[in-house]
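Predicted model only: the values in this text are computed from it and were never measured. Lettering follows sequence order; numbering is per chain, from 1.
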Number of protein chains: 2
Amino acid sequence: MVSKKQEEILNYIDKTIKSNGYSPTVREICEAVGLKSTSTVQYHLKKLIDLGFLNKSENISRSITSRTVDSKYGIPILGEISAGQPLMAEENYIGELPYFGNEINTELIALKINGDSMIDAGLYNDDLVVIDKSMIPADGDIGAFLIHNTEATVKYVDTIADKRYLIPANKNYDNIEIDENITQIGKVVSLFRDM
Amino acid sequence: MVSKKQEEILNYIDKTIKSNGYSPTVREICEAVGLKSTSTVQYHLKKLIDLGFLNKSENISRSITSRTVDSKYGIPILGEISAGQPLMAEENYIGELPYFGNEINTELIALKINGDSMIDAGLYNDDLVVIDKSMIPADGDIGAFLIHNTEATVKYVDTIADKRYLIPANKNYDNIEIDENITQIGKVVSLFRDM
DNA sequence: CATATAATAGCACATATGTTCGACAAAAAA
DNA sequence: TTTTTTGTCGAACATATGTGCTATTATATG
């Protein structure tokens with residue numbers, strides 16, 4: 001996760017690159033965010049780089065580049081959903097997908113596709129799907145759901161004979177009727193695949 | 001006005017900013033354009049700044065900015081490939097995909113998938129695939145190719161009986177033998193889908 | 001040809017800047 | 001409570017980097 005200080009650093013870097021055309025030095029960041037040691041900055045920079053928000057060349061001055069110049073927050077990637085924990089609990093957090101939309105949207109999360117139940121919809125194992133929690137999947141949409149509050153799943157939604165179902169895109173899987181055991185997370189709005 | 005050397009310097013600066021995200025040092029310019037003294041570079045830099053081509057802050061490393069480069073580093077999205085035009089020609093450019101990889105890489109382009117010839121590989125119509133031009137698709141990989149220099153296509157590559165083929169992931173399409181009409185663009189490294 | 005202007009080189013200096021290491025306190029987890 | 005993680009500091013070090021000065025050579029210009 002990105003701490004308060006890290007966000008502050010990120011913002012300062014973005015602002016500087018945007019207004020100056022080049023990135024600040026470690027010492028400039030130090031001063032700007034009210035830290036007294038350059039190594040504290042290095043510490044945070046390393047984290048931000050690991051999270052994918054920044055990039056930097058070693059031993060090269062002012063070589064920080066930022067992907068978040070136009071946006072502030074990454075999309076949290078959730079892995080295995082821990083039983084009993086609320087969806088956004090730390091336990092579930094496995095990384096962050098840099099956000100590059102135009103508006104800041106805290107309603108976005110990313111889930112890693114597990115298995116092949118949606119393969120006929122072009123959602124493959126290990127794909128990352130971005131879910132907008134503020135959108136309700138309509139019939140025919142692909143949505144993300146929580147089963148028994150312990151397992152996240154991505155499926156088509158549709159109404160058959162007045163009942164709503166989660167519908168896999170793979171003949172080897174059965175439809176699941178939506179009942180009280182199933183909580184809606186949101187609508188799947190985009191997909192990333194690394195090959 | 002602008003001498004040969006100065007143009008060379010300008011080009012190098014632009015190229016560097018574009019690919020690295022930050023400007024080169026005086027010494028790097030020195031080396032790159034084949035000069036032996038940093039003060040010669042300073043001499044030219046001053047001229048270029050006076051002429052308004054460059055901007056620079058005093059005593060600040062890597063602070064050169066260029067008017068001829070916009071500091072955006074998205075991945076260019078290429079649409080219909082115009083016959084006769086080089087791949088990266090303006091004619092083909094239909095937009096920019098915000099960059100989300102780890103390193104800044106000028107060898108990346110994005111192509112919009114057209115048709116369903118790769119549907120069994122999970123590449124759907126209108127998907128955007130990111131192509132790394134610096135990578136050669138090996139057997140089994142998905143690559144991007146230019147047919148007759150006019151049409152871009154994305155297919156599996158494989159060797160069958162000592163011949164290399166472009167192989168669609170859709171039974172309704174035939175394999176295409178790779179011959180002199182087919183130019184390799186690069187390897188498909190990731191996928192983006194908006195739903 | 002003599003002279004001004006444009007390019008280039010070499011070097012040295014000051015400092016801007018990234019990096020490392022050890023220590024320590026606060027917060028979180030076990 | 002004990003242990004681990006996270007955040008912080010300070011100082012020292014190595015080098016990356018901008019700058020200034022002088023001298024030399026090429027190219028133009030009168």
Side-chain angles (χ1 to χ4, degrees), chain A residues 1-13 16-17 20-51 53-66 74 76 82-86 88-96, chain B residues 1-13 16-17 20-51 53-66 103-104:
Chain A
M1 292 296 210
V2 186
S3 75
K4 210 83 187 174
K5 212 51 161 184
Q6 281 155 20
E7 200 178 317
E8 207 181 330
I9 289 175
L10 208 47
N11 285 335
Y12 174 68
I13 291 172
T16 306
I17 293 178
N20 293 345
Y22 49 85
S23 91
T25 64
V26 177
R27 279 173 183 78
E28 285 167 359
I29 297 167
C30 202
E31 167 109 0
V33 302
L35 285 172
K36 286 170 188 164
S37 175
T38 54
S39 67
T40 308
V41 175
Q42 300 262 21
Y43 170 84
H44 289 302
L45 282 182
K46 188 176 180 317
K47 301 237 158 181
L48 288 167
I49 290 166
D50 287 345
L51 284 171
F53 287 99
L54 299 177
N55 205 60
K56 182 178 163 308
S57 309
E58 277 183 19
N59 296 315
I60 292 181
S61 64
R62 297 178 186 278
S63 65
I64 301 170
T65 53
S66 171
S82 307
Q85 296 291 342
M88 299 303 290
E90 289 251 12
E91 283 83 358
N92 305 331
Y93 178 91
I94 57 169
E96 224 161 79
Chain B
M1 278 290 227
V2 185
S3 75
K4 210 83 187 171
K5 213 49 163 184
Q6 279 154 20
E7 203 179 318
E8 207 181 330
I9 289 175
L10 207 47
N11 285 336
Y12 174 68
I13 291 172
T16 305
I17 294 179
N20 292 344
Y22 48 84
S23 92
T25 64
V26 177
R27 279 172 183 78
E28 285 168 357
I29 298 167
C30 202
E31 166 108 358
V33 303
L35 285 171
K36 286 171 188 164
S37 175
T38 54
S39 68
T40 308
V41 175
Q42 299 263 22
Y43 169 85
H44 287 303
L45 282 182
K46 190 179 180 315
K47 300 236 157 183
L48 287 167
I49 291 167
D50 287 345
L51 285 170
F53 287 100
L54 298 178
N55 208 58
K56 184 179 163 308
S57 310
E58 277 183 21
N59 295 317
I60 292 182
S61 65
R62 298 180 183 275
S63 66
I64 301 170
T65 52
S66 171
E103 295 146 46
I104 289 181

How close or far is atom P of dA12(C) from atom CD of Gln42(B), stated in whole angstroms? 17 Å
Remember a base hit wins even if backbone is also touched, and classify Lys4(A) as base, sugar-phosphate or nothing at under 4.0 Å, heavy atoms. nothing
Report the residues that fulfil side chain to side chain donor-acceptor pair (under 3.5 Å) with Thr40(B), sequence neighbours left out, ordered by chain and then residue number. none
Testing dT17(D), dT19(D), dA6(C) for proximity to the side chain of Lys56(B), the answer is dT19(D)
Please enumerate all residues that pass salt bridge (Lys or Arg N to Asp or Glu O under 4.0 Å) together with Glu28(B), with sequence neighbours excluded. Arg62(B)
Sequence neighbours left out, cut at 3.5 Å: what donor-acceptor pairs do the side chains of residues 53-60 of chain B make with other protein atoms?
residue	atom	partner	partner atom	Å
Ser57(B)	OG	Tyr22(A)	OH	2.5

Give the nucleotide from the list dT8(D), dT8(C), dT17(D) with an atom nearest to the side chain of Lys5(B). dT8(C)
Between dT6(D) (P) and Asp50(A) (CG): distance, integer Å: 12 Å
Atom pair distance, as rounded to whole Å: CZ in Arg62(A) and C1' in dT15(D): 16 Å
May I have the distance from Leu45(B) (atom CG) to dT19(D) (atom P), rounded to whole angstrom? 9 Å
Between His44(B) and dT8(C), does any side-chain N or O lie under 4.0 Å from OP1 or OP2? yes
Interatomic distance, OH@Tyr12(B) vs SG@Cys30(B), rounded to 0.5 Å, equals 10.5 Å
Quick check for you: to the nearest 0.5 Å, what is the distance between Ile64(A) atom CD1 and Ile17(A) atom CD1? 7.0 Å
Rounding to an integer number of Å, can you tell me how far Asn59(B) CG sits from dC13(C) P? 18 Å
Write out a two-atom table: protein N or O, nucleotide N or O from nucleotides 9-13 of chain D, distance below 3.5 Å.
residue	atom	partner	partner atom	Å
dC9(D)	OP2	Lys36(A)	N	2.8
dC9(D)	N4	Ser39(A)	OG	2.7
dG10(D)	N7	Ser37(A)	OG	2.7
dG10(D)	O6	Ser39(A)	OG	2.6

So does Glu8(B) have more than 12 non-hydrogen atoms from other groups sitting under 6.0 Å from CD? yes
dA6(C) OP1/OP2 closer than 4.0 Å to side-chain N/O of Ser3(B): no
How long is the line joining OH of Tyr43(B) and C1' of dC21(D), in whole Å? 16 Å
Rounding to 10 degrees, work out the angle separating the end axes of the helix from dC1(C)-dG30(D) to dA30(C)-dT1(D) (five pairs an end). 30°
Ser37(A): side chain to side chain donor-acceptor pair (under 3.5 Å) partners, not counting sequence neighbours: Ser39(A)
Side-chain polar contacts of residues 42-51 of chain B - donor-acceptor pairs under 3.5 angstrom, sequence neighbours left out - could you list them?
residue	atom	partner	partner atom	Å
His44(B)	ND1	Gln6(B)	NE2	3.0
Lys46(B)	NZ	Asp50(B)	OD2	3.1

In whole angstrom, give the distance that lies between atom CD of Glu58(A) and atom P of dT20(C). 7 Å
Grab the CD1-C1' distance between Ile29(A) and dT8(D) for me, whole Å please. 16 Å
Answer whether the closest heavy-atom distance between the side chains of Ser23(A) and Thr65(A) falls below 4.5 Å. no
With sequence neighbours left out, write down each residue that passes side chain to side chain donor-acceptor pair (under 3.5 Å) with Glu7(B), or none if nothing qualifies. none
Base, sugar-phosphate, or nothing for Lys46(A), non-hydrogen atoms under 4.0 angstrom? nothing
Compare side-chain N and O positions of Gln6(B) against OP1 and OP2 of dA6(C) and report whether any pair is under 4.0 Å apart. no
Do any side-chain nitrogens or oxygens of Thr25(B) fall under 4.0 Å of OP1 or OP2 in dA16(D)? no
